[in-house]
Structure formats: structure tokens, C-alpha cells
Protein chains: 2
Amino acid sequence: MKRKLTLKSIAKELGVSISTVSKALRDSPEISEETREKIKAFAKLYNYKPNNIALSLKNRKTNTIGVIIPQIVHHFFTTVIYGIEQEARENNYNVIICLSNNAFDKEVLNMELLANGSTDGFILSVSKETMMKEDYHHLNEVIDQGMPVVMFDRVVEGIQCDRVLIDDKAGAKKGVTHMIRSGCRKIGIITSEDYVSVGRLRTEGYLDALDDFGIKADDKLILKLDNIDDLSDKSKKRIEDFITNNDLDGVFTVNELFAVHASRVINALGKKIPDDISLVCFTDGQLSEHAVPSLTAVSQHGEEMGRKAASILINKLESPEDEEEEYSTTYIDTSLVERESTKEVTRR
Amino acid sequence: MKRKLTLKSIAKELGVSISTVSKALRDSPEISEETREKIKAFAKLYNYKPNNIALSLKNRKTNTIGVIIPQIVHHFFTTVIYGIEQEARENNYNVIICLSNNAFDKEVLNMELLANGSTDGFILSVSKETMMKEDYHHLNEVIDQGMPVVMFDRVVEGIQCDRVLIDDKAGAKKGVTHMIRSGCRKIGIITSEDYVSVGRLRTEGYLDALDDFGIKADDKLILKLDNIDDLSDKSKKRIEDFITNNDLDGVFTVNELFAVHASRVINALGKKIPDDISLVCFTDGQLSEHAVPSLTAVSQHGEEMGRKAASILINKLESPEDEEEEYSTTYIDTSLVERESTKEVTRR
DNA sequence: TTAAGCGACTAAATCGATTAAGTTCTCTTA
DNA sequence: TAAGAGAACTTAATCGATTTAGTCGCTTAA
């Protein structure tokens, strides 16, 4: 096992001082051509690479972005991470990912941990529990220490930070409008409780679309489930009842899982998709693409979101500190991917 | 913006030396009860937390695990990461995740980057390109520097490291055996080229199962596709031809995507699953669960794999260095999840 | 009376890098 | 010929923490 090279060991080996080595490697004109070449050749030969930790300490800059997300076994979040990773890499930043598992305590712990020198800034999507508690002291604390924060997807108000959002409302509206245009008149929505911001916004988009076409909203056609991230048996049951007891000709869901289950239920009732009931879901992932019938979906472009969030953060990190603080909110456009679960829109 | 507290600033504030503060906070008996209490109270009040970077430098230990995977938008890898995260957290380790995007150069770059002080050890699944090139100098280099490495899932031979593997061969055998027991006799396999270790092993398991029941293998019934991670149009076409041109009564696939497409093709041919053709795939994910018909699958327990890999690595990191080096290979058992795509096995 | 012992601290080295502030020489020039 | 400039280095401070090796005053025992 060979020990890693350090400036010290190189200096000793070549009989010069540490600072000479450092300067030579950074091409300082203070060091003679001859010495410089000798040191650089030696460093190259033994593959010297400066120690990141020492550099971080010295520069008070880690070139690392901390990402905190509620869960990682989740297609959308992974696409966002992928985008963050790309943008970070291109700008010479590292990425540390921590999971909150949707728990407030873990979110706080992770932030504190990373804030103690490990990262220069944060990109996060707040956990469900944090949203319910409305306790954001951990966010304010890191911001107070001068670390920039960018929130994405699941954001909260009243924090001094940038935000990157899927245009959930417009996306949902787009999906529901498509159904209306294709002939649906009694459209139900399977969404989440309002404290989950994305659920609330998608519900609003749904209502907006109905309103635009003069269709009256009906509370009975709005099903709000507890958990937007997975499909419990209880949720399955509620979806079954919802579809069975309402004579719908269209269903919009805020995620793929709800849609897939709705599809099953509709099938079991002997109804045809899309002839009897159209189905559109928010989120375009593997399930929408490969389900039978494949599902028309509102695609969220998570990768673009991640890139944008990272680029905003890096920008903050690289700009002089005394600059006027301004916080932006960026919306990432959605697009509608038409598949087999909706009828075609006949244009006039 | 308030600056982070340091030992120095506390010392100044309280009119004592830095080392007194350090010792007081670590409950050293060298410091008088009175002073200790005063310092601890102050630190608590202003929420002092030692700087991780400084600690890492001083201790030459980062308490961070570097994870390098080919891609993150991939259900199986995320389950593994989830397992790694859990185990790491429980043992006070951080996790840095880097993506190689299946590219050799990025894998090398990431390793070099993380090896320069950022992590104490690595958990990795090698990229496809690395496997093809058979160039492992980057692995040997970090191992040479005394950093332990644990490879998982996509591993290579001849490296001094621990390995955690899904028992791919046994898993595939389990799946194929189930099909045979349920009555299938002409079973095809859709797999990957042999340089992808998991593909090769699953093919071997398939052959083993046939052999056990005295069924002769037929090269024509083995379809090897280029890419095991996604489904290109070319792959789709080859699957279509494969199923159309062979009169199969069972299909085993090495991943979900191949199976889902096979299912479509079988449907399009007017054949019934499982009555005419049974279908089993390796990997139990969202698609298997929610496809129609739902797919019988060999479940890989990625989370357990991640936990195991992390636990092995942490163990190495915490054990005295001079210990005899021994490298283990751990197999994570698979289990068969029976669903709608196979017939029941009638037991004698 | 005095050296040893002890309690309670402080000084300084260290981790690995960067860099401002010296230190030597040698060469130039008034 | 002596001061000043400049080339080529070295010393030392710094980042924030830990830890070993002092220091200093006071008590105690021979």
C-alpha cells in the first residue's frame, strides 16, 4: 500500500520547500523554469493530486452541492438528480445526496450534518412531514449562515430562497383540457390532500380547466388520497369506490400509480378506455409508457428541472456575496404525451 | 448573516484558549468543572457544531462512502442506494453518489475525484464500457492507496475487493424451473450479450434449469440484445422477430422491459398469457407489478444488497488496518413472485 | 526549606494545502 | 563601490479541529 503523495512528501523528495512545490505546480513565475519543470515532471510521474479536504478547509469552499429529497426509489426524483448531477459535473461541483424518507427529523439532521462544512449550498424538496408541521427553522438556519438554498418541486412559502417548480397547475389544466376537447364532460380527479403542494396545484389546474369550458365542478368528483407517493390498500379501495360510484367519462390522476389502478378498476367494471372513460395522468414514466393501454400523460421534464436548480445554485455560489439578494421562481413547462388512453381531439 | 461558530471564536468570547474549549467540549478532566460547564453552556446556546472538513483533515477520515453507479434513473439501483443510505446513516457515514453513465472515462474521473480525500472507501457497480474494455487500473489504484472497495451487481474478476452479488444464476434457474414445472417445454430467453456479467449469469441459470429437466438447449431460443438497461427500437424489432419466429410456450427475460415488450408482442400475435405462453422476468419492479397481466418475477432485494455492501465496507473501514486481508463474495438470495403471467404448478 | 506533585491551563504541532511576507544571492548602475 | 533591484527561494500564517508537551502557581512531604 503506497501512501498518497502530498506537497510535503514531494518537497522532501526533491529537497525543496513545500511552498516551492505548490508554486511550481501552479506555474508561479517566482519559481525558475528549471525547478518548475523538475517538480511538475515528478508530480506527473507519481500522479500527484491535491487533497480535496485540505483545499476545502483552506478555501472555505467545498465545491459540493447537498441534495435532500424525500425518497430515491422514485422515478421523478431520480430524473431530477440526474439533471443536477449533469449540471454540477459540468461546473466542477460534486453532489451529495441525502434522503429524508419524508421524515422531518431526518431532514433536519441531514441539513445540519451537511451544513457543517460539507457543502456550499442546498437543493431540496421538502418532506411531507415538514410541510405538515410547517417548521422551517432548519432551512432558515442554513440560509442565515449564508448558504444558498434552491427548493424544487415540493416547496414552501416564506423562505428566502430560489424555487424551481413544475408548472403543476398549467400541466394539470393541459391534461384535463385535452380530455374535455376530446369529448369528456364528467371528469373526476384522483389527487392528494391539499397540504402536498403539488397535489393542491394540480387540483387547481383541474378546476381551472373545467371552469374554462363552463363545466361546473363537483366535490364528489374530487378524490383526495393521503399519500401521493405510493398506493396503499386503503387508497386502492377508495379509488375503486370512487370510480364505481360515479358515472365518469374521464379520470385525471396526479400520478401514474393512481392511474394504473384506475385503469384496472375501469377494466374490471367492463368499461373501455378510452371509449367509455378517458384516462390521463400527471407524470410520464415507465408505467404510462408501458401500461396497456398506454397512458396519455403530462410529462414533467425532471432532468431539466434538476439542471435548472443546479444552475441557479451554482450561479449564486459563484457570484460575489455582496450582490443584491433576489430570489427567483422558475417554472418548468410540462408537455402532454398523447397515448392510447384518450380519444383524439377533432379540431374544427 | 451570522458566521459559523468555531473553537477559536468561542475561546475569544470566553477569554480562554482554543485547546481549553476543545477539551471542555470533549469532557476532559484536565478542565475544571466550572470552566467546562461554562463553555458547554455557551456552545449549546449558540449551537456549536464542529466543522466536518477540519475534522476530516485532522483525522484523515471522512466518514463518507463513495458510491459509483452506471445510472440512477433505474429502479434497481435506487433500491440499492436506499439500502446503502440506511446502513450508512445508522453507522454515522455519509454517502456521495456519482454516476458513470456507463462511460469508462466518467467512472475513472469520478473515482479519482472522490479518492482525493473525499471518501474513505467505495461501493461500485462497474459501467458497461469498463467491462468491455477490461481496464481496471482506476480500481487498482484506489485499492493500492488503502481504500477498501466493495463491488456489487456488476462486478469484475481479478480485483482485490469484496463483492456482493445477486445470485443471478440461481435466480434465473428458479424462474425457468417454475415455468418448466408449470408445463412449459419450449422456453426462450431474452438476455444480453455475455460481457454484461448479470446477463451471462442469468443465461447460465436458464441453461442449468433446462439441463436439470433434460431439456436440450437450442441456440435459436436464446436472444442476446446489446443493451440490458433500455429498450431500443432495434431491440424491440429483434424481440418481435424472436417471438414470432419461434413457437415458444414460455419466455424468460433478464429484465422487466424486455418482458413488457414480449407481452405486447405475444398479445399482438393473438396468443394468451399464460395459457399459450408463460412469461417470467428477472427484476421485480413497478412494471411487473402493474402490467396487465401482472408478471411473475424474480425479485432481487436491492435494498438488502445495498445494506450488505455498506455493512461490509464499513466493517473494513473500522477494523484495524494490519488485519489479514481477505475478500468475500456474498450472494443475495432472490425470490420468485408469482403473478398472472405463469400457470400454477400442480404438485404431485 | 525545598523539591516533587498536581490541578488547570496554554502553547505549539499536526492534518495538507495556499500565499503573504521574509531572506539570500547576484547583478546592475549611479 | 555601495545601494537597489530582482530572481529564486524559504518561513510562517491560515483554514478549524485535536492532542502532546509545556507552564505556572500552590500544596505537601521529607
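Reminder, nothing fancy here: chain letters follow the sequence lines and each chain counts from 1. Small disclaimer: the values here were computed from a predicted structure and weren't measured. In what follows, every heavy atom counts, from backbone to side chain, and hydrogens, waters and symmetry copies are set aside.
Note: CD (B:E30) to P (D:dT20) measures 10 Å, nearest angstrom. Distance B:K38 NZ to C:dC9 P: 8 Å, rounded to the nearest Å. Separating the CD1 atom of B:I39 from the P atom of C:dC9 is a distance of 8 Å, rounded to the nearest angstrom. Here D:dA13 presents its P atom at 12 Å from NZ of B:K8, a figure rounded to the nearest Å. Rounding to whole angstrom units, CD1 of residue A:I53 and P of C:dT18 are separated by 14 Å. Between A:L14 atom CG and D:dC9 atom P the separation is 12 Å, expressed in whole Å. If you take CZ of B:R36 and P of C:dG7, they are 13 Å apart, rounded to a whole angstrom. Whole-Å rounding puts the B:L55 CG to D:dT18 P distance at 5 Å.
Using a 4.5 Å cut-off on side-chain heavy atoms (C-beta onward), B:E157 and B:Y136 make no contact. Side-chain contact between B:V198 and B:I166 is absent, with no heavy atoms from C-beta onward closer than 4.5 Å. Annotation: side chain of B:I84 is not in contact with side chain of B:I97 (no heavy-atom distance under 4.5 Å). For the pair B:V150 and B:K308, the minimum side-chain heavy-atom distance is 4.5 Å or more.
If B:V16 and A:N59 are placed on DNA chain C by their nearest nucleotide, the residue sitting closer to the 5' end is B:V16.
If you check every strand for non-hydrogen atoms under 4.0 Å, B:S56 touches nothing.
Checking C:dC9, D:dA17, C:dG16 against the side-chain heavy atoms of B:N51 singles out D:dA17 as nearest. Nearest nucleotide to the B:K58 side chain, out of C:dG16, C:dT14, C:dC9: C:dT14.
Donor-acceptor pairing under 3.5 Å is lacking for the side chains of B:N102 and B:S127. Inspection of the A:S125 and A:D153 side chains reveals no N or O donor paired with an N or O acceptor under 3.5 Å.
Using bins of under 30°, 30° to 60° and over 60° for the plane-to-plane angle, the ring pair A:F77/A:H74 lands in the tilted bin.
Residues of residues 17-26 of chain A having a heavy atom closer than 4.0 Å to DNA chain C, listed by number: A:I18, A:S19, A:S22, A:K23, A:R26.
Dashed line: the shortest gap from a side-chain N or O of B:Y48 to OP1 or OP2 of D:dG16 is not under 4.0 Å. One finds a side-chain N or O of A:R60 lying less than 4.0 angstrom from the OP1 or OP2 phosphate oxygen of D:dG16.
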